[in-house]
Every structure is written in structure tokens, then in C-alpha cells.
Amino acid sequence: MTHLFRLKLLALAISSTLITACGDAETNIVEKDPIEVPDDSGDDHDHDHDDGYTIDSMGRLAVLAADSNEANIFDLDDNSLLETFSLIHDSSSLNVSPSYRYAVIANRSQDYLGFIDGGLWREDHGEHLHDYKQGPAFSDYELTTGSRPTHIVKHDGQMAVFYDGNADAGTVASVEVLTDNDIANETETLAGIQYDINMHGVAEPRGEHLVATLRRADSESTSNAKILPDQVGVFHLHDGEYELEQTFEVTCPDLHGAAQNHDYVAFGCGDGVLVAHQHDDEYHAEKIANIDALGDTRIGTLYGHEGSESFIAIASGVFVSINPSEAEMEVLEWQLDEGASAVSYSFSASGEHFLVLDSLGFLNVLEAHEHDGHMHWELAGKVDITEEDVTTMPEGMNFSMTVSQNSEFAYVADPIAQHILKVHIEDLEIEGDLELTFAPSAITWLGIAEESDDHDH
């Protein structure tokens, strides 16, 4: 049975351990150098290494303010405001580094990527894992040599930044691949790809490989919009440089959107989904054709997770699941309510749930169930995250969401009410409320992610 949980803010009992954020820009952390945190016998969370080197923390939130050019870092353990930073450029977007230490500030029009150190990170010291905690800080490290950074993709500790290039300015597309260590060490020269033409493309980092788009000459391309690539290649890292080793014969016209899980890399095409399966250093690619239910629409957005066998794809607001091992595509039984549009998507940290935040103020939580040997996504429930009139949403703004990587919580920002709600994904309950003094335009979780099994690619 689907359960509908409606928010009653006036009746919401906030735990006394949650402190309402005051909006003060002063930092509340006194440690300036990384410190070792001793073992806490009252640890509420399970860790693999209870040896005095790990930190028990819910993490931190980076929040962009809509009415000012500022980024705010909050401590999720007590909801205190740790620091406020003035950004260099207006209208920047917010992302997160592959190991969740840094908030990534991207500005496409200014050819700029900057980084804010959230202050929580983990290092592998061989015999043990060592956690560190310090105050947030704006990094001196910047990426400014690429043209129009657009698609930022993270996977397994790596991040690929795809630069579209600009035909009017005569700049070409390129890719840079980096890790949190590259940001910390301010690596001057990053491995990547330099194309000879501009394109609106994407690259998926996968260990020593980079599975990335290729744009052919307009006379050869099968894309209707020629700036969109229609081929995919596999690049292999050799001596610090990526070299093209394989080009898939299967074409992908009007390619847009990509994702991967443990076994497959998927790309959205005008006529279906291209899926590539890795066998050692070789990849086999095939096309899963669009089903009749999609009509003339194309899949332009894909989401994947290491712990999920299937991908979630969106075609003009229609949600479908992609099962690459069975080469199957099916429309989800659940779809958005009439009048609603999706404003944010995410898998949970475990990959057991897929979250869709909609414009009417509902957090829709889907979970996978096996039936007749096949996995199907069904609605587990929905949470009403606002009592405000959604028609009063400030112009150009929307609800936004981020997901914790060390617990089953989602954080939902409401620009109308100017607060952030802490939602338990499995229980479908709101468990906290972080009050703001500004309208939040974007949020992302920072911290020490829960350890997962190593994967060989």
C-alpha cells in the first residue's frame, strides 16, 4: 500500500539536540589544522574501524543563497552555520567532488570551476582509515583553462568535467579528470582529452578508462542537432594521457545523458539507450531501442548506482527503467501527478531507493522489487515537504535536494519557507528543520561517505 505522509510543521517536534541556524557568518570551528579525533564510546553509527581514527558525523551542507552571491556551510550535527563565502562569479551552479570533501562551484559562462573545502575527509593509511576534521575553507585551486564546463560526472572516486567548447569563440571541447587528492594537492596538469571540435557531450570515468562521446563531421553525423555527438569511444590512460582505443560501431544519435553502475555504462540516444559492458579492457556495446510508449520522445537523462542493477531514465517527463543485462526497457507504473514536474533526482546512498522531488512540493520515494525474476520500481511513499502555496515560489527558483552518503537521509531545501528539511528516506518521516535567513537556490551534502566494497573495473 502506498502511504502519504503530509507535513504538519506546527506539530513537528524538533529534537532538542537540533540547534536552529542563526545565519551568523562567523565560523564556529576553532580547529584550523587537521586533528585526530579520539574514539567516542557513545558512537551512534557503525564503523568498520572502531580504533580511534574515525569521526562520527552526519556531515555538512553547502547551501547557495539566491539573494546574494554567497555559499554557506552548515554543520549537520548541530545545524550551526560554520562559514559563509563570497563567490567570484554570479549565477554559479553547485556540485560536489567525487569523495564528497569539496563543494564544486561551476560557472559555465565564465569558464570557471572553484572548490570549497567542507573540512571533513578520510585518508587510507594502510593499517587503518584516518578521518580529519577542520573548518571550511575556500581552496586556492581553480580550473579555468577549459571552455564552458557543462557536464560534471562522478564515479568511484573520480570526476570528469566535460567542457563543451564554443564555436563562436573558436574553442574546442575537452575533458579533465580529477580526484579529491588532485584538488587538495592543487595538481597543475590533469589527465584528459582534447578534441578538435566543440560538442555538447559527456564523459564517464571508469578507473583507467574514460568512456566519452565523439562528434563526427556534420555530413556523417546521424544527430538532428549536430552539436550533439552520435558516437561513443573508450579512452585508456597511458603515461598520464588518455588515448582512444575503441570506438563503438553502434551509433547514438542526439546523444544526451549518461550514467553507470558496476557493470554497465549507459548513454541516452534519440532512438533508445546505448549500453556498454566491460570485459577486462574491452567493451561490448548494444542499443536498447525505445519502446512504443515513448513515442517520438528521446531519453535525455539517466541515473545509475553501483548497487542497482537497473538505470532510471527520463524522456520528456516519462520515467522508465533500463535493465541492461536483459536488454529491456519498461515504463514505470508510477509517474508524476498531473501538473507536477521533476526538479531534482537522486539515488539514495545505498542505491535501494530512487528519489524524485517535484515542483508541487512532494518527495517521491521509489524502491525496487523483484517480481517474476525481474526488478520493478514502485512507489514506496511520498512526503509533503511544504505547507506553503507553491504558486508563490520565487521566480527562477525551485525546491532542491541532496542525499547523505553516510545515512539514509535526504535534505530538501524550500525557498518559500526558507528552510531545509531532514527526511528519513526509509521511514518517510521528517526528522529535522534547519531554518535559514535566505532563500536557498542549491544544496549539496559534504562529508565522509560510508565505506563500500571495492569494485574492480
Side-chain angles (χ1 to χ4, degrees), residues 93 95-96 98 104 106 108 148-165 173-178 192-193 195 199-207 209-216 221-223 225 227-235 242 244 246-248 250-278 283-290 297-306 308-316 319-324 327 329 345-347 351 354 455 457:
S93 63
N95 212 304
V96 65
V104 181
R108 186 176 188 270
R148 296 196 172 183
T150 304
H151 279 157
I152 299 175
V153 175
K154 300 175 295 295
H155 182 75
D156 202 18
Q158 295 177 299
M159 179 170 75
V161 181
F162 197 100
Y163 300 87
D164 283 358
S174 61
V175 181
E176 288 183 309
V177 179
L178 66 158
I193 303 171
Y195 293 97
M199 78 176 92
H200 185 58
V202 64
E204 287 283 341
R206 197 170 175 85
H209 297 111
L210 191 61
V211 188
T213 55
L214 301 171
R215 179 183 174 183
R216 296 188 291 176
S221 175
T222 58
S223 292
I227 195 173
L228 296 176
D230 76 336
Q231 281 193 312
V232 177
V234 178
F235 295 78
Y242 282 100
L244 180 62
Q246 184 180 356
T247 299
F248 300 146
V250 180
T251 59
C252 184
D254 294 309
L255 189 157
H256 193 274
Q260 60 178 303
N261 59 20
H262 183 252
D263 297 312
Y264 293 89
V265 185
F267 296 85
C269 315
D271 55 358
V273 174
L274 185 153
V275 292
H277 187 204
Q278 183 177 354
Y283 287 76
H284 170 72
E286 64 177 324
K287 177 76 65 63
I288 301 176
N290 280 343
T297 63
R298 71 180 177 98
I299 290 174
T301 304
L302 285 162
Y303 288 88
H305 189 281
E306 286 285 283
S308 175
E309 296 179 0
S310 57
F311 294 94
I312 300 293
I314 301 96
S316 297
F319 289 78
V320 299
S321 64
I322 309 295
N323 185 336
M329 178 188 302
Y345 319 85
S346 180
F347 273 96
F354 187 73
H455 300 287
H457 293 306

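Residues take their numbers from the sequence shown, with the count starting at 1.
Residues I314 and I299 fail the side-chain proximity criterion, which asks for heavy atoms closer than 4.5 Å. Residues M159 and V177 have side chains not in contact (no heavy-atom distance under 4.5 Å, counting atoms from C-beta outward). Side-chain atoms of I312 and Y345, non-hydrogen and from C-beta on, never get closer than 4.5 Å to each other. Taking 4.5 Å as the limit, some side-chain heavy atom of Q231 sits within range of a side-chain heavy atom of T247.
Here the CD atom belonging to E286 is positioned 7.5 Å from the OH atom belonging to Y264, to the nearest 0.5 angstrom. A distance of 12.0 Å separates NE2 of H155 from CG of L210, quoted to the nearest 0.5 Å. Rounding to the nearest 0.5 Å gives a distance of 10.5 Å between CG of L302 and CG of L274. Atom CD in E176 sits 4.0 Å away from atom OH in Y163 (nearest 0.5 Å). For the atom pair OG of S174 and CE of M199, the computed distance is 9.5 Å after rounding to the nearest 0.5 Å. Taking CD from E306 and NE2 from H262, the interatomic distance works out to 6.0 Å, rounded to the nearest 0.5 Å.
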Practice task
Take V175 and F162 through the side-chain contact (heavy atoms from CB on, under 4.5 Å) test and state the conclusion after the steps.
Solution key: CA-CA 5 Å; V175 181; F162 197 100; 3.5 Å; yes
Practice task
Evaluate the criterion side-chain contact (heavy atoms from CB on, under 4.5 Å) for residue pair V202 and F267; output intermediate values, then yes/no.
Solution key: CA-CA 9 Å; V202 64; F267 296 85; 3.9 Å; yes
Problem - Verdict with reasoning, I227 to R215, per side-chain contact (heavy atoms from CB on, under 4.5 Å) - result: CA-CA 8 Å; I227 195 173; R215 179 183 174 183; 4.2 Å; yes
Exercise for the section: Tell me, with the steps shown, if K154 and V96 meet side-chain contact (heavy atoms from CB on, under 4.5 Å). Expected result: CA-CA 9 Å; K154 300 175 295 295; V96 65; 3.5 Å; yes
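For the pairing with N95, the side chain to side chain contact (heavy atoms under 4.5 Å, CB included) check across V153, V161, I152 returns one residue only, I152.
Nearest heavy atoms, G351 versus S308: O-CB, 4.2 Å. The two residues G201 and D164 have their closest heavy-atom pair at N-OD1, 3.7 Å. In terms of heavy-atom proximity, F248 sits nearest to A285 at CG-CB, 3.6 Å. Of all the heavy atoms in L228 and L255, the pair that sits closest is CD2-O, 3.7 Å. Considering every non-hydrogen atom in both E204 and V265, the closest pair reads CG-CG1, 3.9 Å. Shortest non-hydrogen contact noted between V232 and L214 is C-CD1, 4.0 Å.
Within a 6.0 Å radius of CD in Q158, more than 12 heavy atoms belonging to other residues, nucleotides or ligands are found.
Side chain of S223 to backbone of S221: no donor-acceptor contact under 3.5 angstrom is found. A donor-acceptor pair under 3.5 Å is absent between the side-chain atoms of T301 and the main chain of A313, judged by distance alone. Listed for the D254 side chain is no donor-acceptor partner under 3.5 Å among the backbone atoms of G270. At least one donor-acceptor pair closer than 3.5 Å links the side chain of Q260 to the backbone N or O of P205.
Between K287 and D271 a salt bridge is recorded (basic side-chain N to carboxylate O distance below 4.0 Å). Looking at R216 and D230, a side-chain N of the basic residue comes within less than 4.0 Å of a carboxylate O on the acidic one, giving a salt bridge.
When ring centroids are compared, H305 and F347 come within the 6.0 Å threshold. Aromatic ring centroids of Y303 and F311 lie 6.0 Å or more apart. Between H209 and Y283, the gap from one ring centroid to the other is short of 6.0 Å.
In this pair, H151 and H256 present their aromatic rings perpendicular. The plane angle is above 60°, beyond the 30 to 60° band.
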